[in-house]
Structure formats: C-alpha cells, structure tokens
J.: 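Quick one: this structure, given as structure tokens, is what I'll be asking you about.
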Amino acid sequence: MARKTTTPHPVVLRILRELGENIHLARLRRGFSMETVAQRAGMSRSTLRSVEAGEPGVTLGSYANTLHILGLHHDLC
C-alpha cells in the first residue's frame, strides 16, 4: 500500500530550504566532501543531496544526523 503524504505548508518549505542551505554552507566551510558527510551520517550521497536541498520528504533523522556530524546539532533545540 502506498504511503499517503501531505503537502507541507509554504512556511515549512521555506524553513527546510533555509536549513538545507545552511547545512550545505556549513559542510563547505568545514571542507568536508559530500561522500565524507554522507558516510559519517550513515546515508547515501543522494540523501545528503536531498537534505542540502531542503526536501520535505527526507526524514527528520537524516537532518539530525547531518547536523550532528557538522557539530550543529544544538540548532535542533
């Protein structure tokens, strides 16, 4: 059976895009490759790409793992 999903509110989409952009910039500032961060966070590069794009279909755990790897997990609180 296919999962039903809802369309995220526009404000939520904006927040996720900003979070993804911040994650992307933080990774670049630290000089980490996508492969390194994805591997340390336990995900594929395509999932990390989705995180950095702020896609709403990515699990919260993926965002949290990525923030933790970059030392930004305090941003979740």
J.: Would you call Arg14-Glu18 a salt bridge at under 4.0 Å N-O?
T.: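 Answer for the salt bridge query: yes.
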J.: Kindly compute the distance separating CZ (Phe32) from CD1 (Ile69), expressed to the nearest 0.5 Å.
T.: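 Reported to 0.5 Å precision, the distance equals 8.5 Å.
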J.: Looking only at non-hydrogen atoms, find the nearest pair between Ser62 and Thr47 and report the distance.
T.: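 For Ser62 versus Thr47, the nearest heavy atoms are OG-CG2, 3.9 Å.
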J.: In this structure, are over 12 heavy atoms from other groups packed under 6.0 Å from Arg30 atom CZ?
T.: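 Check passes, neighbour count above 12.
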J.: Distance from Asn65 atom CG to Leu48 atom CG, nearest 0.5 Å?
T.: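 Interatomic distance, Asn65 CG to Leu48 CG, rounded to 0.5 Å: 11.0 Å.
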J.: Does the side chain of Arg27 reach to within under 4.5 Å of the side chain of Thr66, using non-hydrogen atoms?
T.: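 No, every pair of side-chain atoms sits at 4.5 Å or beyond.
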J.: Between Met34 and Arg49, is any pair of side-chain heavy atoms under 4.5 Å apart?
T.: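 In short, these two side chains touch, coming nearer than 4.5 Å.
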J.: Just checking, any donor-acceptor pair under 3.5 angstrom between side chains of Ser33 and Thr36?
T.: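 Yes, Thr36 and Ser33 have a side-chain donor paired with an acceptor closer than 3.5 Å.
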J.: Looking at CZ of Arg29 and NE2 of His24, how far apart are the two atoms once the value is rounded to the nearest 0.5 Å?
T.: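 Arg29 atom CZ to His24 atom NE2 measures 10.5 Å (nearest 0.5 Å).
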J.: How far apart are the closest heavy atoms of Tyr63 and Leu19, and which atoms are they?
T.: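 Taking Tyr63 first and Leu19 second, the nearest heavy atoms are CD2-CD2, 3.6 Å.
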J.: Side chains of Leu72 and Ile23: does their closest heavy-atom pair fall under 4.5 Å?
T.: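 Not touching, per the 4.5 Å side-chain cut-off.
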J.: Quick one: does any side-chain atom of Arg17 pair with a main-chain N or O of Ala53 as donor and acceptor, under 3.5 Å?
T.: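 Side chain of Arg17 to backbone of Ala53: no pair is present.
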J.: Mind checking whether Leu13 and Pro56 have side chains closer than 4.5 Å, heavy atoms only?
T.: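 Answer yes - side chains close enough.
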J.: To the nearest 0.5 angstrom, please state how far the OG atom of Ser44 sits from the CD atom of Glu35.
T.: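 The CD atom of Glu35 is 9.5 Å from OG of Ser44, to the nearest 0.5 Å.
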J.: Is there a side-chain contact between Glu55 and Val51 in this structure, where contact means two heavy atoms from C-beta onward sitting under 4.5 Å apart?
T.: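 Side-chain contact under 4.5 Å: no.
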